[in-house]
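Worksheet: the structure to be examined is printed underneath.
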Amino acid sequence: MPTQITYLHDGSFEGMLTAVAIAVKSNNEVEGIYPSQHYASSLFTDVHNVQTDQSQAMRFFKYLQSLKGIAASLAIDGFLSENDEMATHLYCMVRESLQYGESVLYWHTHDSVNFLHKLSRKVRREAHRFNGLVRFRILEDGLQYAPFEPDYNVIGYCAQHFRKRLANYSWVLHDVRRNQALYWDGSSCQSIYIDEGFSSQVRTSGELPQKHLCQSEIHYQRLWNYFHEAIAIKERRNPLLQRQYMPSRYWKYLPEIS
Amino acid sequence: MKIEEKLRILADAAKYDVSCASSGSDRGTTAGGIGNGHKSGICHSWSADGRCISLLKVLLSNACVYDCCYCINRRSNNRERATFTPVEVAELTINFYLRNYIEGLFLSSAVYSSADATMADMIEVCRLLREKHQFNGYIHLKVIPGASRELVNKAGILADRLSVNIELPSESSLLRLAPQKTKISIFTPMQQIGESFQGHRLERKRGKKSLRFCPAGQSTQLIVGASQENDLQILNLSAGLYKKMHLKRVYYSAYMAVNTDPSLPVPVGGPPLMREHRLYQADWLLRFYRFQAHEILTDAAPNLDERIDPKAAWALRNYELFPLDINRASYEELLRVPGIGVISARRIVQTRRVTTIRLEDLTKIGLVLKRAKYFISLNGRKVVQAPYSFKQVVEAMHTIEKPKNQRPRQSPQLRLF
C-alpha cells in the first residue's frame with residue numbers, strides 16, 4: 001500500500017508553489033500540503049520538507065497561467081487568504097485538470113474547485129471593500145498615510161489600485177495587523193519597515209498623534225463627519241443594514257465613526 | 001456663512017437624491033492629475049440608514065424659485081438657505097478625494113435663478129475640477145429641466161454621468177405637484193443625452209476618436225407613492241426609458257411626507273418602503289433577468305404583491321412551465337427559476353460542461369434551495385420527494401419571505417424581560 005505523504009513548505013508563495021509542483025509530479029498519495037509553521041506532526045504520517053526552488057516555482061506558476069488565466073489568480077488569492085488548506089486544494093485541482101482538461105477550473109461542484117473559488121471571492125471582496133474603506137491621513141510633510149487591518153493579506157491589491165488613482169502623490173498603506181507597509185513615492189512602490197512602537201500606538205488608538213497631522217487634516221475630518229451625518233435620512237434609519245455592509249471590525253480607522 | 005454650515009445644510013438637502021452609483025467610467029489618470037474611474041464603482045462608506053456613500057452628494061444651492069409640493073426645498077418652505085461657490089465645491093471634492101472618503105462628486109442644485117444660469121454654475125464646478133485640478137474621478141451631474149442644448153452638451157463632455165429627474169410617473173401628476181416643471185422640459189434634455197451618448201459610443205466603436213460623452217450613461221429618479229399611478233404604469237415607463245432613452249438606471253424613491261400640502265397624500269405608517277423594494281426587484285428583472293414589463297404585471301393585476309417577490313409571483317402564475325431540469329434547461333430558462341440568480345445560473349452552465357449536477361451539489365452552486373426546490377428537477381426526478389400540491393407551494397413561497405421582514409430592529413444585547 002502506498003504511504004500517504006504530507007508536504008511542508010516554508011510559508012512563502014514560491015515555497016507553496018514548489019511543494020504543490022513536487023506533489024503533482026510524484027505518484028505518491030498526498031495527505032496534505034501545509035506551511036511548516038502551522039503544522040503539528042502526528043505519528044502516522046510521512047512528512048517531506050520541501051526546499052523552495054525559485055525556478056521550479058516559476059515554471060509551475062507559468063503553467064497555472066496557461067490554464068485559461070484563472071488558475072493563477074486562484075493560487076494567488078488562496079495564498080493571500082493565508083488559509084492553511086489552500087495548497088492541498090490547489091494540488092487536487094491541478095491533478096483534476098491534468099486528467100479532465102481545463103474546464104475543471106469551472107467545476108463549481110467539485111470540493112477543491114469550490115473551495116478555491118470561495119477563497120478567491122473572499123479575498124477579492126475584501127480588497128475591493130478596502131479600496132473604499134481605506135482612509136488617508138495627510139501628514140505635515142504632505143505624505144498620505146493610511147492604516148488598516150484587513151482579515152486577508154490584501155495590501156498588494158489595494159496598492160495596485162492606489163498607484164493608479166493617486167499616481168502623482170506619495171502615500172503609505174500600512175497593514176497594522178501584519179505590520180506590513182507599502183510606500184509609493186510617485187514612481188515606484190516598495191515595502192518599508194514601520195517601527196513597532198509606532199504601529200502599536202496606531203493599533204491601540206486608531207488614530208495618529210495630532211502632532212504628525214497637517215493643519216487642515218482635522219478640519220477635513222470634521223467636515224467629513226458633518227457630511228456623513230447629514231446625508232442619512234432619519235425616517236429610514238437602519239443600523240443593522242449599515243453594519244451588514246460595513247461590519248464594525250472595519251470601523252476603527254474610519255474618521256466618520258467616532 | 002462658514003463652510004461647515006453650508007455643507008451641513010446642502011448635504012442635508014441633497015439626501016433625498018437616491019442615486020449613489022459610481023460605476024461605468026474608466027477614465028484614466030492623466031500626468032500631473034488626480035484620480036481615475038473604477039469600472040464597477042466603489043462604495044466608500046455607509047450612512048446610518050444603510051445607504052452607501054460613494055460620492056460627495058451636495059446641492060450647489062437650496063434657494064429654489066420653484067414650488068414643487070413634495071420637495072423639501074420648495075420656495076414656500078421656511079428653511080435655512082445656503083449656496084456654495086464653485087471654488088468651494090471643487091476644493092471640498094479634491095480634499096475628500098485625496099483622503100479616499102469619496103469616489104467623486106454628485107452635484108445637484110435647486111434652481112436659484114433661471115435654469116440656464118444654475119446649470120452654467122454647476123458646469124463651472126466641473127470645469128474647475130477637470131481643468132484646474134486635473135480631476136479624473138467620477139462626476140455625476142444633475143441636469144436642470146429646461147437647460148439649453150449647448151449647456152447639456154458641455155455637461156456631458158465634463159461629467160461621467162448625467163441625470164434628469166423625472167420626479168413623477170405621469171404628466172398629469174407633474175402638472176398637479178410640480179407645476180413649474182413640464183414633461184417637455186424633462187424629456188428634451190433626456191432625449192438629447194440619450195442620443196449623444198449612443199452616438200459618441202457608436203463612433204468610438206467604429207474606431208473614430210470621438211470625445212467621451214457621459215461615459216457612465218444617464219439615470220433618473222421618480223417618486224413612488226405621491227401620486228396615483230400603479231406599478232404597471234411605472235414599470236412600463238422604466239422599460240421604455242431603458243429601451244428608448246438608453247438609460248442605465250431608474251431610481252425609485254418611496255414618498256416621504258416632508259411637506260404638508262392639500263394635494264399630497266397622507267402616508268399611513270411611514271414611507272412605502274416595501275413597495276419601493278418590490279419595484280427595485282421588478283426593475284432588476286427587467287435589466288438582468290430578461291423579463292418584459294407585461295410579464296411581471298398585467299392590466300388585471302397592475303400592482304406588485306407586497307407579500308411575495310415579483311419573480312416568485314411570476315413563477316406561480318406560470319406554474320405549468322415547471323419543474324425545469326437543472327441539467328438541461330437553457331441559461332434563459334434558469335434565470336426564470338426563483339432562487340436562481342445571474343451568478344448561480346452561470347455557474348450551472350459552466351459546471352454542466354464538466355459533469356452532470358447531482359442533488360448534493362445544488363447548494364455548492366449557491367442557489368437558494370428553499371426557493372428553487374419546487375421549481376426544479378434533476379434528470380427527470382423532482383427535488384422534493386414527498387408529493388405536494390400547488391397550494392402548498394404558494395404557501396411555502398409566502399412564508400419564506402416572512403422572517404426577514406419581522407426581524408427586530410433593537411440592539412442584539414440580552415434583554416431580561
Side-chain angles (χ1 to χ4, degrees), chain A residues 96 100-101 103-111 113-114 117-118 128-129 131-138 144 146 161-162 164-169 171 216-217 219-224 226-246 254-257, chain B residues 3-4 7-12 14-16 28-29 31-36 38 40 42-54 56-58 92 95-96 98-103 137 254 256 270-271 273 347-348 350-351 353-355 357-358 360-362 364-366 407 409 411:
Chain A
E96 298 282 12
Y100 298 106
S103 48
V104 299
L105 296 177
Y106 296 100
W107 186 351
H108 293 283
T109 54
H110 186 285
D111 282 329
V113 179
N114 191 23
H117 273 276
K118 258 193 189 155
H128 182 79
R129 263 179 168 165
N131 286 344
L133 284 172
V134 152
R135 297 281 181 266
F136 286 102
R137 277 84 175 155
I138 299 187
Q144 298 183 214
H161 171 73
F162 287 111
K164 279 187 228 139
R165 170 154 297 190
L166 300 173
N168 302 308
Y169 293 79
W171 44 258
S216 59
E217 180 60 28
H219 171 65
Y220 281 109
Q221 288 196 3
R222 216 178 44 234
L223 282 178
W224 173 236
Y226 284 142
F227 175 76
H228 196 265
E229 205 167 294
I231 205 70
I233 298 178
K234 309 271 171 315
E235 292 89 334
R236 300 181 67 135
R237 221 179 96 77
N238 192 349
L240 262 177
L241 188 62
Q242 183 190 25
R243 225 167 306 163
Q244 186 184 322
Y245 288 122
M246 187 168 66
L254 301 179
E256 64 263 39
I257 292 173
Chain B
I3 187 98
E4 283 92 339
L7 182 64
R8 202 178 46 72
I9 295 170
L10 292 168
D12 186 76
K15 69 186 175 190
Y16 297 106
T29 328
I34 168 176
N36 60 352
H38 191 275
S40 65
I42 298 174
C43 300
H44 284 252
S45 190
W46 281 265
S47 56
D49 50 14
R51 300 188 307 160
C52 106
I53 300 174
S54 67
L56 170 64
K57 196 185 283 178
V58 286
L92 261 181
N95 273 292
F96 277 10
L98 271 179
R99 292 169 175 80
N100 203 37
Y101 296 164
I102 52 166
E103 194 60 18
M256 221 169 294
L273 292 178
R347 285 195 198 133
I348 290 171
Q350 285 175 337
T351 305
R353 294 191 191 127
V354 198
T355 179
I357 294 168
R358 298 160 304 169
E360 58 267 37
D361 295 335
L362 287 176
K364 286 187 208 156
I365 279 175
R407 206 153 112 197
R409 277 205 183 171
S411 89

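Not measured: the values here are computed from a predicted model. The analysis underlying the following values was restricted to heavy atoms, covering all of them including side chains, and did not include hydrogens, waters or symmetry mates. Below, read A as the first sequence line, B as the second, and so on, with proteins coming before strands; counting in each chain starts at 1.
Contacts between A/Tyr220 and chain B at a heavy-atom distance below 4.5 Å involve backbone atoms as well as side-chain atoms. With a 4.5 Å cut-off on non-hydrogen atoms, A/Arg222 touches chain B through its side chain but not through its backbone. Looking at A/Glu229, there are no atoms closer than 4.5 Å to chain B (heavy atoms on both sides), in backbone or side chain. Looking at B/Leu98, the atoms closer than 4.5 Å to chain A (heavy atoms on both sides) sit in the backbone and in the side chain alike. Heavy-atom distances place the side chain of B/Thr355, and not its backbone, under 4.5 Å from chain A.
By the side-chain hydrogen bond (donor to acceptor under 3.5 Å, both in side chains) test, B/Asp12 pairs with B/Lys15, B/Arg79, sequence neighbours left out. For the salt bridge (charged side-chain N to carboxylate O under 4.0 Å, His left out) test, residues two or more places apart in sequence or in another chain that qualify with B/Asp49 are B/Arg51.
No hydrogens or angles considered: a donor-acceptor pair under 3.5 Å links the side chains of B/Asn36 and A/Arg165. For the residue pair A/His228/B/Ser45, the side-chain donor-acceptor check at 3.5 Å is satisfied.
By the 4.5 Å heavy-atom criterion applied to side chains, B/Ser47 and A/Glu256 are not counted as neighbours. Between B/His44 and A/Met246, the closest side-chain pair of non-hydrogen atoms is not below 4.5 Å.
Across every non-hydrogen atom of A/Ala232 and B/Ala48, the tightest pair is CB-N, 3.9 Å.
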